[in-house]
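Numbering of ligands and ligand atoms starts at 1, following listing order.
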Amino acid sequence: MDDLKKPIYVTKPSLPDLQDFLPYLEQIWETKILTNNGPFHKQLEKELAEFLGVPYISLFANGTLALVTALQVLGISGEVITTPYSFVATSHSLLWNNIKPVFVDVEPEFCNLDPEKIEAAITSKTTAIVPVHVYGNPCSVDRIEEIAKKYGLKVIYDAAHAFGVDYKGQSVCNYGDISILSFHATKVFNTMEGGVVICRDAETKKQIDFLKNFGFAGETKIMACGINSKMNEMQAALGLLQLKKHSSNIKKRRVIDQLYRQNLNEIKGVSFLAKPENTEVNYAYFPIFIDEKEYGISRDMLYEKLKEKGIYGRRYFYPLISEFSMYKGYDSANPDHLMNAKEASQKVICLPIYPDLELSEVEFIIGCIADFRINTIE
Ligand SMILES: *Cc1c(COP(=O)(O)O)cnc(C)c1O
């Protein structure tokens, strides 16, 4: 096998043609409207709400501030049930609001919060559930809603991976009280940095829009201790262009996903997640799980050997959030109660997937994974 000419990273951000972006920049330079709910900001909110099929959207500077603000607008406090198998921003957003995260294990099928383990973790202090649609695969939204109703809890979905994902014929972001998306450079849809809060009613959107602008509810009126987390006009303009490319990007991702599925299926010791039912997925990630006994070498060994070949996968999500120093001390961080999360975290590598990834490169990656396997069993 020939070596790669250039390294392949887990993702490569998609951008529009620079030529297409210039007129937007010219308009910004001409009008001098740079931020504070300018024309591109307004237009992107409108177009995104239509594109995703959701009622109310507020644009943010990034996904983390969107989540911090979503928790604030709903007045969440005390304890919140969440998953350890996610990017650290999920729990950090709780700590930034003085909320105690309570970690509950994931189910093994999609590595999403296990709804059957939520009830046992509810206490008199629990006010909400913050599940994550990990890799863009929908959580058990109906079951979670049932539990939330029964105990009077709010549900805030960290949908950072789930841009454009539909479940049972509508946006997965229409479930729960609020969902947040991230438009970070590494995500399926990017505005370099960016994010949104999606909510159900106009009043909540109004409050969110106050909170992201210092709490200003008029020239001289401050309604709460808000923050500055507004998306600027350059980001919003980029978003308008990115939206035009989104469907074709998803098609390219789908072809890569198919190629991985068809070929990795035949390599013993390598498994991957099933396609979820009733779901229009976005092919945001391609996680594989390495069974060391069957594959012959460990996940970490494969990870290193791939790097030597110039293939930079990522171990999303290793370590678990509950293993980081600021969370380790909590009772709920005890790994004995997080066995499925722990196992996934020790087996996972996310393989490169992005619209510009060549199919020959995908074949090279598959070839390496097949070659590195050591036959120890048969
Ligand atoms: C990317 C990500 C975030 C944070 O989004 P930013 O836009 O980078 O702040 C939050 N949660 C999850 C699960 C993510 O993957």
Side-chain angles (χ1 to χ4, degrees), residues 9-14 44 48 57-72 80-97 99 101 103-104 106 110-113 128-139 155-165 172-173 175-176 178-198 208 212 227-232 234-236 238-239 242 273 281-287 313-322 324 327 341 344-345 348 350 353-354:
Y9 298 102
V10 71
T11 191
K12 188 197 279 183
S14 161
L44 185 59
L48 275 176
I57 277 193
S58 290
L59 298 176
F60 274 75
N62 61 61
T64 304
L65 284 167
L67 187 50
V68 166
T69 306
L71 292 161
Q72 287 201 358
V80 164
I81 290 168
T82 190
T83 170
Y85 193 77
S86 178
F87 182 60
V88 71
T90 309
S91 286
H92 277 3
S93 304
L94 298 171
L95 283 202
W96 273 78
N97 280 302
I99 296 164
F103 298 109
V104 164
V106 299
F110 293 106
C111 304
N112 283 330
L113 194 61
I129 309 171
V130 175
V132 180
H133 302 300
V134 178
Y135 309 129
N137 293 321
C139 292
V155 182
I156 300 106
Y157 281 106
D158 180 341
H161 302 174
F163 184 92
V165 172
V172 75
C173 296
Y175 296 85
I178 284 185
S179 294
I180 71 98
L181 294 168
S182 164
F183 299 165
H184 183 257
T186 56
K187 303 300 206 273
V188 160
F189 176 89
N190 86 77
T191 55
M192 296 200 176
E193 293 265 8
V196 296
V197 175
I198 292 165
I208 291 166
K212 76 179 186 187
I227 192 153
N228 178 9
S229 48
K230 303 184 294 290
M231 178 180 279
N232 69 45
M234 260 203 297
Q235 290 170 289
L238 180 61
Q242 298 284 51
L273 302 180
V281 293
N282 64 6
Y283 311 98
Y285 300 89
F286 199 90
R314 290 296 298 268
R315 290 166 291 185
Y316 298 142
F317 290 99
Y318 165 83
L320 294 177
I321 297 177
S322 48
F324 292 121
Y327 300 106
S345 162
V348 72
C350 285
I353 184 165
Y354 50 87

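Checked against the 6.0 Å centroid threshold, His92 and Tyr327 count as a close aromatic pair.
Contact annotation for Glu193 and ligand 1: no heavy atom of the residue comes within less than 4.0 Å of the ligand.
Between Asp158 and ligand 1, an N or O atom pair is found at a separation short of 3.5 Å. Some N or O of His161 is nearer than 3.5 Å to an N or O of ligand 1, by distance alone. At a 3.5 angstrom cut-off on N or O pairs, Tyr285 does not count as close to ligand 1. Residue contacts with ligand 1: Ser86 is placed with no nitrogen or oxygen under 3.5 Å of a nitrogen or oxygen of the ligand (distance criterion only). Checked by distance only, ligand 1 and Gly63 come closer than 3.5 Å through their nitrogen or oxygen atoms.
Taking 4.5 Å as the limit, every side-chain heavy atom of Val132 sits out of range of all side-chain heavy atoms of Phe317. Side-chain atoms of Leu113 and Val134, non-hydrogen and from C-beta on, never get closer than 4.5 Å to each other. With contacts defined as side-chain heavy-atom distances shorter than 4.5 Å, the pair Asn97/Val68 qualifies. A heavy-atom distance below 4.5 Å is not found between the side chains of Cys173 and Tyr157. Taking the side chain as every heavy atom from C-beta outward, His161 and Tyr285 approach each other to under 4.5 Å. A 4.5 Å side-chain heavy-atom check between Gln235 and Asn232 finds at least one atom pair inside the cut-off.
Heavy-atom proximity to Thr64, at under 4.0 Å, picks out these atoms of ligand 1: 4 (C), 5 (O), 6 (P), 9 (O). The distance from ligand 1 to the heavy atoms of Phe87 drops below 4.0 Å at these ligand atoms: 2 (C), 3 (C), 12 (C), 13 (C), 14 (C), 15 (O). Heavy-atom proximity to Ala89, at under 4.0 Å, picks out these atoms of ligand 1: 4 (C), 10 (C). For ligand 1, the atoms sitting less than 4.0 Å from at least one non-hydrogen atom of Gly194 are 7 (O), numbered in the order shown with element in parentheses. Near Ser182, with a cut-off below 4.0 Å to any heavy atom, the atoms of ligand 1 are 1 (C), 5 (O), 6 (P), 7 (O), 8 (O).
Looking only at heavy atoms of the protein, atom 1 (C) of ligand 1 is closest to Lys187 NZ, 1.7 Å.
In this structure, Phe183 CZ and Leu48 CG are separated by 5.0 Å, a value rounded to the nearest 0.5 Å.
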